[in-house]
Amino acid sequence: MDVLSRPAEEFENDQTVEAMWAMKAFEHAEIYFNLLSSVDAKLLHLTPIDDLIYRLFREDFPKLNVAVIDEDNLKSTAEKAKWRPFCEKFKDIVEDYSFGTLLRADASRNYDEQNSILVTRIQFYAIELARNREGVNDVIRSKFSNSATAATV
């Protein structure tokens with residue numbers, strides 16, 4: 001997967017690279033969901049700076065309902081204008097902060113085609129940290145801990 005670290009300008013809609021990104025995003029989603037299914041989400045640490053990400057996220061988005069994310073709203077022009085400065089705060093702090101990452105739209109459900117949104121890695125961290133700390137992800141462990149937990153994107 002060394003090709004993924006090369007500059008984007010080298011590729012023009014290369015389907016091989018897109019497939020590699022999709023595989024990497026899926027693997028990340030699968031691992032994360034398996035963690036949520038087996039560990040108390042409040043105990044999970046996603047980055048070395050979880051406290052900072054969560055604090056700045058709630059300062060910038062105090063009323064965002066993280067239980068269910070509306071993709072159309074999240075990707076609207078107005079919301080993009082709010083998210084861009086938030087994300088850029090982490091440009092030199094969080095590795096791969098802008099990488100495409102899958103986020104569950106409805107926190108009470110598993111990843112699947114209808115429940116997955118492609119977001120930046122820092123958006124994923126911010127929303128999932130809020131879900132973990134605010135108890136929104138608690139349902140996953142009780143709902144999926146006794147079943148096969150592989151993501152089904």
Consider only side-chain N and O atoms of Tyr54 and Glu134, and report whether a donor and an acceptor are under 3.5 Å apart.
-> yes
Examine the side chains of Ser37 and Asn34 and answer whether a donor and an acceptor come within less than 3.5 Å of each other.
-> no
Check whether the ring centres of Phe124 and His28 lie less than 6.0 Å apart, and answer yes or no.
->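 Ring centres of His28 and Phe124 closer than 6.0 Å.
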Specify the closest pair of heavy atoms between [X] and [Y], including all atoms of both residues, with the distance to one decimal.
X      : Y      : answer
Leu46  : Tyr32  : CD2-CE1, 3.6 Å
Tyr111 : Ala29  : CE1-O, 3.4 Å
Asp112 : Ser116 : O-OG, 2.7 Å
Leu36  : Arg104 : CD1-NH2, 3.3 Å

Residue pair [X] / [Y], side-chain heavy-atom distance below 4.5 Å:
X      : Y      : value
Glu128 : Ile53  : no
Phe57  : Leu64  : yes
Tyr97  : Thr120 : no
Leu43  : Asn132 : no
Ile117 : Leu102 : no
Val66  : Arg133 : no
Thr101 : Arg121 : yes
Val94  : Ile49  : yes

With sequence neighbours left out, which residue pairs that include part of residues 70-82 fulfil the salt bridge (Lys or Arg N to Asp or Glu O under 4.0 Å) condition?
->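 Every salt bridge (Lys or Arg N to Asp or Glu O under 4.0 Å) pair that includes a residue of residues 70-82, provided the two are not neighbours, is Glu71-Lys75, Glu79-Lys82.
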Salt bridge (Lys or Arg N to Asp or Glu O under 4.0 Å) partners of residues 85-102, not counting sequence neighbours, each pair once | Asp60-Lys89
Asp106: side-chain hydrogen bond (donor to acceptor under 3.5 Å, both in side chains) partners, not counting sequence neighbours |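 Testing Asp106 for side-chain hydrogen bond (donor to acceptor under 3.5 Å, both in side chains), a comparison that skips the adjacent residues, returns Ser108.
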Same apolar cluster (I L V M F W Y, side chains within < 4.5 Å links), Ile93/Val119 = yes
Is it true that Leu118 and Val68 fall in one hydrophobic cluster, defined by side-chain heavy atoms closer than 4.5 Å?
->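 As far as the 4.5 Å side-chain criterion goes, Val68 and Leu118 are not connected within one cluster.
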Take Lys42 and Asp138 through the test salt bridge (Lys or Arg N to Asp or Glu O under 4.0 Å) and record every step on the way to the result.
-> CA-CA 8 Å; Lys42 290 181 184 80; Asp138 291 350; 2.6 Å; yes
Please answer whether the main-chain N or O of Cys87 pairs with a side-chain N or O of Arg84 as donor and acceptor at a distance below 3.5 Å.
-> no
Under 3.5 Å, is there a donor-acceptor pair between the side chain of Ser142 and the main chain of Val139?
->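 Side chain of Ser142 to backbone of Val139: a pair is present.
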Determine, stepwise, if the pair Gln123 / Leu74 fulfils side-chain contact (heavy atoms from CB on, under 4.5 Å).
-> CA-CA 10 Å; Gln123 286 176 301; Leu74 181 70; 4.1 Å; yes
Take Arg131 and Ile140, measure what side-chain contact (heavy atoms from CB on, under 4.5 Å) needs, and give me the verdict at the end.
-> CA-CA 11 Å; Arg131 287 174 169 177; Ile140 296 300; over 6 Å; no
